Amino acid sequence: MVRHAHGRENLRIGGFQRRDRAAPAADFERILSHFPRLRERLQQPPASCPAAEQQMLVIGRALMTGTAVMVDEPSLGLAPMIVDQVYDILLSLRRSDGLTLLINEQSSKPY
């Protein structure tokens with residue numbers, strides 16, 4: 001997470017090196033549709049957001065790259081209900097977009 005940037009810049013920086021300049025704009029809106037709480041926080045520094053929203057921002061920025069995504073400890077510090085939501089979104093993206101995921105998780109709960 002880019003500490004001094006607001007949520008909007010944190011998401012957009014993920015698509016910075018993409019060659020297709022139209023794709024990041026579409027992905028930005030798609031990510032906000034998956035993580036609607038982020039839309040409310042776009043003007044805030046990430047450090048002022050709850051841990052769950054910071055994790056959503058990190059995942060969203062990774063998705064902006066348009067490549068395979070590695071997620072390290074997506075459940076760390078999150079309430080079980082939020083963990084389920086994050087995994088539901090990741091698995092939905094895998095099914096709908098063919099997203100390649102590498103998830104490093106120590107939780108024993110199978111997803």
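Since we're looking at a predicted model, the values are computed, not measured. Side chains included, hydrogens not; waters and symmetry mates left out as well; all remaining heavy atoms used.
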- Query: Distance from Ser75 atom OG to Gln106 atom CD, nearest 0.5 Å?
  - Reply: 8.5 Å

- Take Leu32 and Leu42 through the test side-chain contact (heavy atoms from CB on, under 4.5 Å) and record every step on the way to the result. CA-CA 10 Å; Leu32 291 178; Leu42 289 176; 4.0 Å; yes

- Task: For Asp20, check side chain to side chain donor-acceptor pair (under 3.5 Å) against everything at least two apart and list the hits.
- Result: none

- Message: For the backbone of Pro74 and the side chain of Gln55, can you confirm whether one donor and one acceptor N or O come within less than 3.5 Å of each other?
- Response: yes

- So how far is it from Ile82 CD1 to Met56 CE, rounded to the nearest 0.5 Å? 5.0 Å

- Can you measure from CD1 (Ile89) to CZ (Arg94) and round to the nearest 0.5 angstrom? 15.0 Å

- Item | Distance (rounded to the nearest 0.5 Å) between Thr65 OG1 and Ile13 CD1 | 12.5 Å

- Is it true that a side-chain atom of Arg95 and a backbone atom of Leu90 form a donor plus acceptor pair closer than 3.5 Å? no

- ILVMFWY cluster, Leu101 and Leu57 together (side-chain gap under 4.5 Å): yes

- Query: With a 4.5 Å limit on heavy-atom distance, are the side chains of Gln85 and Leu78 in contact?
  - Reply: no

- Message: Counting only heavy atoms not in Glu29 (residues, nucleotides, ligands), do more than 12 fall under 6.0 Å from its CD?
- Response: yes

- Gln44 side chain to His6 backbone, donor-acceptor under 3.5 Å: no

- Message: Taking the side chain as everything from C-beta on, heavy atoms only, tell me whether Val69 gets closer than 4.5 Å to Leu63.
- Response: yes

- Message: With side-chain contact (heavy atoms from CB on, under 4.5 Å) as the criterion, how do Phe28 and Arg8 come out once you've worked through the C-alpha distance, each side chain's angles and the decisive distance to 0.1 Å?
- Response: CA-CA 9 Å; Phe28 184 82; Arg8 180 178 307 280; 3.6 Å; yes

- Item | Smallest separation among heavy atoms of Pro46 and Gly7, with atom names | CD-N, 4.5 Å

- Query: Is the side chain of Gln54 donor-acceptor paired with the backbone N or O of Cys49 at a distance under 3.5 Å, no angle test?
  - Reply: yes

- Look up atom CZ in Arg61 and atom CG in Leu11, then write down how far apart they are to the nearest 0.5 Å. 8.5 Å

- Please list all pairs passing the salt bridge (Lys or Arg N to Asp or Glu O under 4.0 Å) test where one or both residues lie in residues 43-59, with sequence neighbours left out. Arg37-Glu53, Arg41-Glu53

- Query: Can you name the residues that form a side chain to side chain donor-acceptor pair (under 3.5 Å) with Glu40, not counting sequence neighbours?
  - Reply: none

- Message: Rounded to the nearest 0.5 Å, what separates atom CE in Met70 from atom OG1 in Thr100?
- Response: 14.0 Å

